[in-house]
Amino acid sequence: MSHPIEILEGLYFIERGYLNANHFLYRSDRPVLIDTGYVGDFAVTEQRIQDLGVDLAQTRLIINTHTHCDHMGGNRQIQDRSGCDIALHRVGKYFVDTRDDWSTWYRYFNQEADFFHCTQVLEGGDVIPVGPHRFEVIHTPGHASDGIVLYHRKAKVLISGDALWEDDVPAMVMRVEGSTCVLNLMESLERLSSLDVEMVYPGHGRPFTDFKQAVFKSKKRARDFLDHREKTGAALLKKITIYTVLMHKQVEEETFFDDLMETYWFKETIDLFFNGAYQQKYEEIITDFLHRNILRRRHGKLYTTIKA
């Protein structure tokens, strides 16, 4: 388990894994949190924050980089305890206020999640304080319609959410985010490319320094999606298959295909990109993951080596 990193005075980066988004904690008697992980792993989230000497009941503000369940799964429990404010981009507030379990991905991906009360609206161009540190809000749709990043201009620090990873792009879900989501991602990356950044703290994965190279890689990957549409679907199938295994810790291999066929995302993705070849694509993915040691078998169950 990685140790928290103090990125600015009193502001800590807590690295998690693929299922749970990374957290940011401003440690004080009025704590501020950025992203709260997946609800199924809330006990671990709470422990990681308590290890920094913070009582979640004292939380005064949660900021979410977007409203997918791996980034806001702890919101409801923390707000119930503390009565804290929760700040979202205005699109995310609309999703939460209307209890839209499709646009927030809950129902589409059959995820565990709780709605909560959004008390503060964010727009691109706003400045939001995290303790004494002032971050600029930049709207970055593509992966998420309500996605934002937080930029500290003086320190040249970017909290990038899922808008920018070091070596890949996040899932592009056309059936939820719209057919232009990859184009929106390209525009968001172009918007970010003009920033002066020395350190990036992403929504998943370790911090990194080569901001320009990460933007270049992401643009290249997005262009590949635009040129080869089926790669968008293949990447989505692989990412969410692993995500599903992580959500359940392990799955019964004998029934896993049938379980996936009961979801919206699996059938729709294969219909959209692969002309209904459900069994074929499933077998290709599982065989590939087993060969690459991303999945393993144990007593009739499948589990993943990817960190949750």
Side-chain angles (χ1 to χ4, degrees), residues 1-2 15-22 37-41 44 68-71 73 105-113 143 162 165-176 182 202-206 208 217-218 220-222 224-225 227-308:
M1 182 174 67
S2 60
E15 185 176 348
R16 296 295 297 274
Y18 187 61
L19 176 63
N20 288 276
N22 297 328
Y38 186 64
V39 65
D41 287 337
V44 177
H68 294 165
C69 74
D70 55 326
H71 290 257
W105 290 21
Y106 307 168
R107 182 160 51 102
Y108 189 71
F109 288 116
N110 197 27
Q111 297 168 336
E112 185 182 4
H143 169 67
D162 285 352
W165 293 351
E166 185 174 15
D167 294 309
D168 197 5
V169 296
M172 295 288 107
V173 188
M174 291 185 179
R175 292 291 291 153
V176 178
V182 181
H204 300 269
R206 64 187 182 183
F208 57 93
K217 287 180 181 178
S218 294
K220 183 178 180 181
R221 181 72 161 149
D224 198 32
F225 282 169
D227 292 340
H228 306 280
R229 192 169 176 270
E230 73 283 356
K231 292 186 178 182
T232 312
L236 174 59
L237 287 170
K238 291 176 181 178
K239 284 181 169 67
I240 305 302
T241 296
I242 291 299
Y243 202 93
T244 301
V245 176
L246 283 170
M247 282 193 294
H248 297 285
K249 313 303 182 188
Q250 58 185 9
V251 296
E252 296 284 347
E253 184 171 8
E254 185 176 351
T255 61
F256 191 35
F257 172 73
D258 292 334
D259 293 340
L260 291 178
M261 288 292 290
E262 292 296 316
T263 67
Y264 294 103
W265 72 270
F266 185 76
K267 289 181 65 177
E268 284 201 344
T269 302
I270 293 175
D271 285 340
L272 185 61
F273 295 100
F274 302 107
N275 198 30
Y278 310 120
Q279 187 76 46
Q280 176 188 338
K281 296 308 295 183
Y282 172 80
E283 291 175 0
E284 287 177 4
I285 291 168
I286 299 301
T287 299
D288 176 62
F289 281 162
L290 288 168
H291 177 72
R292 294 161 56 199
N293 204 37
I294 293 171
L295 283 179
R296 291 180 181 173
R297 289 188 173 104
R298 180 173 55 200
H299 306 307
K301 299 181 186 296
L302 294 172
Y303 67 99
T304 180
T305 58
I306 301 296
K307 176 185 172 183

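For reference, positions follow the sequence shown, starting with 1.
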Check your understanding: Shortest non-hydrogen contact from Cys69 to Gln111?
Key -> SG-OE1, 3.1 Å

Review point. Should Asp259 and Val251 be marked as a side-chain contact (heavy atoms from CB on, under 4.5 Å) after you check the CA-CA gap, both sets of side-chain angles, and the distance that decides it?
Key: CA-CA 9 Å; Asp259 293 340; Val251 296; 5.8 Å; no

Check your understanding: How long is the gap from CD1 on Ile240 to CG on Asn110, to the nearest 0.5 Å?
Key -> 12.0 Å

Review point. In terms of heavy-atom contacts, does NZ of Lys249 have more than 12 from other residues, nucleotides or ligands at under 6.0 Å?
Key: yes

**Study point:** NE2 (His299) with more than 12 external heavy atoms under 6.0 Å
**Key:** no

Check your understanding: With no hydrogens and no angle check, do the side chains of His68 and Asp162 hold a donor and an acceptor under 3.5 Å apart?
Key -> no

Check your understanding: Is a side-chain donor or acceptor of Asn22 paired with a backbone partner of Pro202 at a separation under 3.5 angstrom?
Key -> yes

Revision key, fill the gap. The residue among Thr304, Ile306, Asp70, Leu246 that forms side chain to side chain contact (heavy atoms under 4.5 Å, CB included) with Leu19 is Leu246

Review point. Got Phe257 and Ile286 here, is their nearest side-chain heavy-atom distance under 4.5 Å?
Key: no

**Study point:** Glu15 versus Gly205, closest heavy-atom pair with distance
**Key:** OE2-C, 3.6 Å

Exercise for review: Please report the closest heavy-atom contact between Arg16 and Ala21, naming both atoms and the distance.
Suggested key: CG-O, 3.4 Å

Point to revise | Partner residues of Tyr303 under the ring-ring contact (aromatic ring centres under 6.0 Å, His included) criterion, sequence neighbours left out | key: none

Review point. What's the verdict on side-chain contact (heavy atoms from CB on, under 4.5 Å) for Leu295 and Val245, showing C-alpha distance, side-chain angles and the deciding distance?
Key: CA-CA 9 Å; Leu295 283 179; Val245 176; 4.2 Å; yes

Point to revise | N/O donor-acceptor pair under 3.5 Å between Thr305 side chain and Arg296 backbone | key: no

**Study point:** Shortest non-hydrogen separation from Phe225 to Val169 and the atoms involved
**Key:** CE1-CG2, 3.6 Å

Point to revise | Pairwise side-chain hydrogen bond (donor to acceptor under 3.5 Å, both in side chains) hits with a residue in residues 232-241, at least two apart | key: Asp168-Lys239

Exercise for review: Under the side-chain contact (heavy atoms from CB on, under 4.5 Å) rule, what do Val182 and Met174 come out as? Steps first, then yes or no, please.
Suggested key: CA-CA 8 Å; Val182 181; Met174 291 185 179; 4.3 Å; yes

**Study point:** Ring-ring centroid check His143 Trp105, cutoff 6.0 Å
**Key:** yes

Review point. Tell me, do Met247 and Glu112 make a side-chain contact under 4.5 Å, heavy atoms counted?
Key: no

Exercise for review: Determine, for Asp167 against Arg221, whether the closest basic-nitrogen to carboxylate-oxygen distance falls under 4.0 angstrom.
Suggested key: no

Review point. Hey, which of Thr263, Thr244, Val173 is the one that makes side chain to side chain contact (heavy atoms under 4.5 Å, CB included) with Phe109?
Key: Val173

List the atom pairs, with distances to 0.1 Å, where a side-chain N or O of residues 268-281 and a protein N or O form a donor-acceptor pair under 3.5 Å, not counting sequence neighbours.
from: Glu268; atom 1: OE1; to: Tyr108; atom 2: OH; distance (Å): 3.2
from: Glu268; atom 1: OE1; to: Arg175; atom 2: NE; distance (Å): 2.9
from: Glu268; atom 1: OE2; to: Arg175; atom 2: NH2; distance (Å): 3.1
from: Thr269; atom 1: OG1; to: Trp265; atom 2: O; distance (Å): 2.6
from: Asp271; atom 1: OD1; to: Tyr278; atom 2: OH; distance (Å): 2.6
from: Asp271; atom 1: OD2; to: Tyr278; atom 2: OH; distance (Å): 3.3
from: Gln279; atom 1: NE2; to: Glu283; atom 2: OE2; distance (Å): 3.0
from: Gln280; atom 1: NE2; to: Glu284; atom 2: OE2; distance (Å): 3.1
from: Lys281; atom 1: NZ; to: Glu284; atom 2: OE1; distance (Å): 2.8

Review point. Which atom pair, heavy atoms only, marks the closest approach of Lys301 to Gln250?
Key: CD-NE2, 3.1 Å

Check your understanding: Can you find a pair of side-chain heavy atoms, one from Ile294 and one from Ile242, that are under 4.5 Å apart?
Key -> yes

Practice item. Only one of Trp165, Tyr38, Tyr243 passes ring-ring contact (aromatic ring centres under 6.0 Å, His included) with His204; say which it is. Key: Trp165

